[in-house]
Novice: 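Just dropping this structure here.
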Number of protein chains: 2
Amino acid sequence: MPNTPALPSPEKHIAESTVRRLSLYLRVLDQAAARGLQTISSVVLAEEGGTTSAQVRKDLSFFGSFGKRGRGYDVAELVTALQDILGLGREWKVYIVGAGKIGSALVSYRGFSQRGFRVVGIYDNNPQMVGRMLDGVGIRSMAQLEHDAARELPDIAVLTVPAEHAQAVADRVVAAGIRAIMNFAPAPLHVPPSVTVKSVNMALELEGLAYALVRRDAGEPPR
Amino acid sequence: MPNTPALPSPEKHIAESTVRRLSLYLRVLDQAAARGLQTISSVVLAEEGGTTSAQVRKDLSFFGSFGKRGRGYDVAELVTALQDILGLGREWKVYIVGAGKIGSALVSYRGFSQRGFRVVGIYDNNPQMVGRMLDGVGIRSMAQLEHDAARELPDIAVLTVPAEHAQAVADRVVAAGIRAIMNFAPAPLHVPPSVTVKSVNMALELEGLAYALVRRDAGEPPR
DNA sequence: ACATGTGAACTGCTTCACAGCG
DNA sequence: CGCTGTGAAGCAGTTCACATGT
């Protein structure tokens, strides 16, 4: 076997919060690299990432020993390690389902393409939309989704459909064999355990802010 | 004292996860009300909201006793209570800063207006954009932001600017007196403790999905 | 009989603090 | 001597289980 860098694989389960922070560290490291930094300590990584140095070290330690005592972490090395851990070494094929405002905006979101997420299909059930191009990808009819997926199964479906259709669409993409869903519809999705769902509910986040403001106006400590 | 429904105010600190679930329950209750349900039990509320009945009861118990033993919760009553708790009884004035694809999409996002979040200003530093209308609101120059905010301070600033400008823009809206920021830029924001920030990082969520897929392909239990 | 409300137990994430190594 | 890596301690959020009320 060649020098395939053994992908670090902990036996223990890793908390979702840990994975989120790993992504965050990767972003901080990108900036650090852009500034020409060779090496970075857990203290600096923590400050820029909005956490603590112990947390950084603990997070990384789940996957191996990447640092050098007395020196810190080599920026380039850690970037590679994190990309491996997060599965960003490859390209992920993505369907966008729902070509409304949010769906259309996401197609050309650079944060996706930069990390290897490639939009290979956009679907909408509005005949007015079908046929149009978005960022080089043609909008296809929802009716074609299963057929297309059977030919070349995407890894992830991004759902940007109205809340009332979200479950039905989720059922369809699951039936088509897709095993990961990113849900932008403000509705909880029920899927089999073999499918992973992440929901981004923007209204919910705003309501969290409203709550924070109300509590603060009621004289609560910012904590 | 009249029947002013005393806004429930726990002394204890409430976890962010709890607040998120309260928002979620509100959504489930809306659906339940639409279906004509008078009353709902913690079991049903949990199923539809993707959690457990004990969790539902615990979450609500922080703010008071809203249920009737043997019957469950009155849907209409609980909706009102949750709206009060979350601060959704009033209108919240929102600035959208950054009129790119995502910012434009958010302006007309119904999930916002439905809960009383009103966009009162849209700002962009691209002269091409300034003057255009988005959903009835004119795009203004970034240069006017401080001036406008001094006249009528918005409650929340939604940041949809490129990552590299996010911190500078955050500094400006904070200096202008805004105390809550919803950050869509893929960059961690540093603000004084008197300001509340929520970040929605879409690339980060996708990376979480990628990680889940990689782990699964490596033969991990779905958990 | 049914479903809430809640102390107590439990689980697991975070923080601490320091031994170990460059 | 500085900074990592990590057991141990601490703490917060979740789950359990049952007393209580209708």
Side-chain angles (χ1 to χ4, degrees), chain A residues 8 10-25 28-29 32 37-78 81-82 85 208 211 215 220-221 223, chain B residues 8 10-25 28-29 32 37-75 77-78 81-82 85 208 211 220-221 223:
Chain A
E11 286 314 303
K12 252 200 102 229
H13 174 257
I14 300 299
E16 191 178 309
S17 50
T18 300
V19 178
R20 296 179 76 88
R21 281 192 300 268
L22 294 180
S23 294
L24 220 56
Y25 301 154
V28 173
L29 289 169
L37 245 59
Q38 283 280 318
T39 198
I40 193 167
S41 74
S42 59
V43 174
V44 175
L45 200 36
E47 270 166 13
E48 317 247 322
T51 182
T52 68
S53 61
Q55 184 77 79
V56 169
R57 296 198 299 276
K58 181 68 87 178
D59 287 342
L60 297 175
S61 76
F62 288 133
F63 298 90
S65 292
F66 305 106
K68 280 150 193 60
R69 293 169 195 252
R71 299 202 163 280
Y73 301 87
D74 182 278
V75 173
E77 252 176 48
L78 193 51
L82 287 177
I85 292 167
Y211 177 82
R215 292 326 328 265
E220 205 112 318
R223 180 191 174 33
Chain B
E11 286 314 303
K12 253 199 101 236
H13 174 257
I14 301 298
E16 191 178 308
S17 51
T18 300
V19 178
R20 295 178 76 90
R21 282 192 300 268
L22 294 180
S23 294
L24 220 57
Y25 301 155
V28 172
L29 289 168
L37 246 59
Q38 283 280 315
T39 199
I40 193 167
S41 74
S42 58
V43 173
V44 175
L45 201 36
E47 270 166 14
E48 317 247 321
T51 181
T52 67
S53 62
Q55 185 78 78
V56 169
R57 296 198 298 276
K58 182 68 91 179
D59 287 342
L60 297 175
S61 76
F62 288 134
F63 298 90
S65 293
F66 305 107
K68 282 151 193 58
R69 290 167 196 255
R71 300 203 162 279
Y73 301 88
D74 182 278
V75 172
E77 254 175 46
L78 194 50
L82 287 178
I85 292 167
Y211 177 82
E220 204 111 319
R223 181 191 159 69

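It should be emphasised that the depicted structure is a prediction, and the values quoted were computed from it without experimental measurement. Throughout, protein chains are lettered first and strands after them, A, B, ... in sequence-line order, and every chain is numbered starting at 1.
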Novice: Whole-Å distance between D:dG13 C1' and B:Arg20 CZ?
Specialist: 15 Å

Novice: Nearest-Å distance, CZ (A:Phe63) to C1' (D:dT6)?
Specialist: 16 Å

Novice: Suppose we screen for side-chain hydrogen bond (donor to acceptor under 3.5 Å, both in side chains). Which residues come up paired with B:Tyr25, at least two apart in sequence or across chains?
Specialist: B:Asp59

Novice: Is there a side-chain contact (heavy atoms from CB on, under 4.5 Å) between A:Tyr211 and B:Leu22? Walk through the geometry before answering.
Specialist: CA-CA 10 Å; A:Tyr211 177 82; B:Leu22 294 180; 5.7 Å; no

Novice: Take atom NZ of B:Lys68 and atom P of D:dG21, then tell me their distance rounded to the nearest Å.
Specialist: 16 Å

Novice: Whole Å only: how far is the CZ atom of B:Arg71 from the C1' atom of C:dA1?
Specialist: 12 Å

Novice: OP1 or OP2 of D:dG2 versus the side-chain N and O atoms of A:Tyr73: is any pair under 4.0 Å?
Specialist: no

Novice: Heavy atoms under 4.0 Å is the rule here; annotate nucleotides 14-19 of chain C 5' to 3' with B where the base is hit, S where only the sugar-phosphate is, and - elsewhere.
Specialist: SBBB-B

Novice: Using atom types as modelled, flag every donor-acceptor pair under 3.5 Å from a side chain in residues 66-74 of chain A to any protein atom, sequence neighbours excluded.
Specialist:
from, atom 1, to, atom 2, distance (Å)
A:Lys68, NZ, A:Glu77, OE1, 3.4
A:Asp74, OD1, A:Ala76, N, 3.2
A:Asp74, OD1, A:Glu77, N, 2.9

Novice: Which residues pass the side-chain contact (heavy atoms from CB on, under 4.5 Å) test with B:Thr52, sequence neighbours left out?
Specialist: B:Ala54, B:Gln55

Novice: In whole Å, I'd like the distance from the CG atom of A:Leu45 to the C1' atom of D:dG5.
Specialist: 15 Å

Novice: Can you name the side-chain hydrogen bond (donor to acceptor under 3.5 Å, both in side chains) partners of A:Gln38, sequence neighbours left out?
Specialist: none

Novice: Figure out the CG/P separation between B:Leu60 and C:dG5, and round it to whole Å.
Specialist: 7 Å

Novice: Roughly how many Å is it from NZ in A:Lys12 to P in C:dT11, rounded to a whole number?
Specialist: 14 Å

Novice: Distance check needed: C:dC13 P versus B:Glu16 CD, whole Å only.
Specialist: 17 Å

Novice: Which atom pairs, one a donor and one an acceptor, fall under 3.5 Å between side chains of residues 40-51 of chain B and the rest of the protein, sequence neighbours left out?
Specialist:
from, atom 1, to, atom 2, distance (Å)
B:Ser41, OG, B:Val43, N, 3.4
B:Ser41, OG, B:Val44, N, 3.3
B:Ser42, OG, B:Arg57, NH1, 3.2
B:Glu48, OE1, B:Arg35, NH2, 3.1

